[in-house]
2 protein chains.
Amino acid sequence: MAPPDTRTQILDAAEHLFAERGYRGTSVRAITDRAGANLAAVGYHFGSKAELMSAVARRVVEPIIAAQSAGLDRLLAGTAEPGVAELVEAFAGPLFDGMPAGDEGGARRSRLIVMILSDPAEEVRGWAGADQDAVRERYLAAFARALPALSPEELWFRIRGVLAVTAVDRVEVHQRPAPDCPSPDTGEAARHWAVTFLAAAMSAPPTRT
Amino acid sequence: MAPPDTRTQILDAAEHLFAERGYRGTSVRAITDRAGANLAAVGYHFGSKAELMSAVARRVVEPIIAAQSAGLDRLLAGTAEPGVAELVEAFAGPLFDGMPAGDEGGARRSRLIVMILSDPAEEVRGWAGADQDAVRERYLAAFARALPALSPEELWFRIRGVLAVTAVDRVEVHQRPAPDCPSPDTGEAARHWAVTFLAAAMSAPPTRT
DNA sequence: GTTTGATTCAAACGAACGTATGATTTAAAC
DNA sequence: GTTTAAATCATACGTTCGTTTGAATCAAAC
């Protein structure tokens, strides 16, 4: 049985609060209170609030990047060139992993990802490693082969569209529930819906200019 | 020739800074400095920082809502039932209006919309009128008629996907420019790309369960 | 010229923030 | 039992924040 481990409890509390209130909306005091730790523990274990943010972001994003990379490896190891739907599944799928139906933690992590992608504070985006860019470039190349008719600019636009849908997805509906919103996304269903939605979008013929 | 009008200059400065640094990342002092106004002017003209945020949000969003509503009216006034591509164009198009190529202000407004949709602070989302919900419900009904095979849940998921793509779209690329990003979106092109992308996505056959 | 209402101004308030400090506790090593 | 390094603690510092205040300025009405 692992001891409470202050460092981990701070990470957990920070992940929770950052996702819920954003970086600037979360005070170090709120984090340590929730973690049951002393105020100075953040400085001791992480150095500063910004470095804590980096640690939280890395812990959430790195497994996703790894899964995306492994998925692409698996596709490229096959005999046939990977199709659009397969690429979409491999790219977007990991963003839905570990988010079972009705899981509070899943929705929270989803929100954290959006927060990481969209928060204007440079402390939030300043942690990035080279891995993300590398993975996205690899997918870009694979999509380019699967969709040779597309201009690089429009392809790039579509890749960002994929990211937008998978990331933003369920966030808004959690923040301001729609009037007659039919039940929050049921985890696994959302994953399949997203793949359907995005595969069709990526496969669209080039926009004629 | 209109006088400088302190109130308007504060609105302009706030729109700029809120889009660039977020709500919590922008101080009232930064706003009044940029507007060339006195610190107390925000309190005098708007009451509080939160109410200033509301005013900024309304000024940006209301014309978009109105255009979306008018576009749907126009489609419904026609003889034939509107198709998916027409609905997508009417819904997503207004989000790209007034954003000519290379326009700094256009990208900024785009960022502001994302900020309004994704900021966790309740001051940012607390301004909403009934108009937004009404328009989205009307589009939901129109899409439901155009896509009768889709379950309400999946349709709702797709509508949110449309919003995600149009809103997030060009934000991330401005915050962390990709390694070999091919030229920022050229305004009108992005609009057409988005419609292509989203019409295909909306038209996808239902996900078989 | 005086009055009046709207606006602008400099200055200050208390609260909350991130961070740093130095003492204290803990627990393993010797 | 003493030593030592890691960890936790209460406390304080300096800054920045949103908001408030009351006097000063302006412009039109009379």
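Every heavy atom of this structure was used, including side-chain atoms; hydrogens, water molecules and symmetry mates were not. Predicted, not measured: the structure shown is a model, and the values here were computed from it. Sequence lines set the chain letters: A, B, ... in the order given, protein chains first and strands last, and positions in each chain run from 1.
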query = Is the backbone N or O of B:Glu123 less than 3.5 Å from a side-chain atom of B:Lys49, with the two atoms forming a donor-acceptor pair by type?
reply = no

ask   = Which residues pass the side-chain contact (heavy atoms from CB on, under 4.5 Å) test with B:Arg59, sequence neighbours left out?
value = B:Thr8, B:Leu11, B:Asp12, B:Glu15

Identify the pairs formed between an N or O of the protein and an N or O of nucleotides 24-26 of chain C at a distance under 3.5 Å, and give each distance.
none

query = Would you say the side chains of A:Glu51 and A:Ser48 form a donor-acceptor pair under 3.5 Å?
reply = yes

key: Where protein sits on nucleotides 9-19 of chain D, one letter per nucleotide: B base, S sugar-phosphate only, - none, heavy atoms under 4.0 Å   = BBBB----BBB

ask   = Rounded to the nearest Å, what distance is computed from the CD atom of residue A:Glu51 to the P atom of nucleotide C:dG18?
value = 14 Å

Between CZ on residue B:Arg21 and CD1 on residue B:Ile31, distance to nearest 0.5 Å = 9.5 Å

Pull out every protein N or O sitting under 3.5 Å from an N or O of nucleotides 5-7 of chain C, one pair per line with the distance.
residue: C:dT7; atom: OP2; partner: B:Tyr44; partner atom: OH; Å: 2.9
residue: C:dT7; atom: O5'; partner: B:Tyr44; partner atom: OH; Å: 3.3

key: Between CG on residue A:Leu17 and OG1 on residue A:Thr32, distance to nearest 0.5 Å   = 10.0 Å

query = Near B:Arg138 CZ, under 6.0 Å, is it more than 12 heavy atoms from other residues, nucleotides or ligands?
reply = yes

ask   = Rounding to a whole Å, what distance do you find between A:Phe46:CZ and D:dT8:P?
value = 11 Å

query = Tell me: CD of A:Glu123 to P of C:dC17, nearest whole Å?
reply = 16 Å

task = Could you label the plane-to-plane angle of the A:Phe18 and A:Tyr23 rings as parallel, tilted or perpendicular, counting under 30° as parallel and over 60° as perpendicular?
result = tilted

remark   = Applying side-chain contact (heavy atoms from CB on, under 4.5 Å) to A:Ser54 and not counting sequence neighbours gives A:Arg58, A:Trp127

message = Distance check needed: D:dT8 C1' versus A:Asp5 CG, whole Å only.
response = 14 Å

ask   = Could you walk me through whether B:Arg7 and B:Phe46 pass the side-chain contact (heavy atoms from CB on, under 4.5 Å) check?
value = CA-CA 9 Å; B:Arg7 201 189 127 95; B:Phe46 299 94; 3.7 Å; yes

inquiry  = Can you measure A:Ile31 atom CD1 to C:dA16 atom C1' for me and round it to whole angstrom units?
reply    = 15 Å

Salt bridge (charged side-chain N to carboxylate O under 4.0 Å, His left out) involving A:Arg29 - partner list, sequence neighbours excluded = none

request  = Answer yes or no: is there a donor N or O on one side and an acceptor on the other, between the side chain of A:Glu154 and the main chain of A:Ser151, under 3.5 Å?
outcome  = no

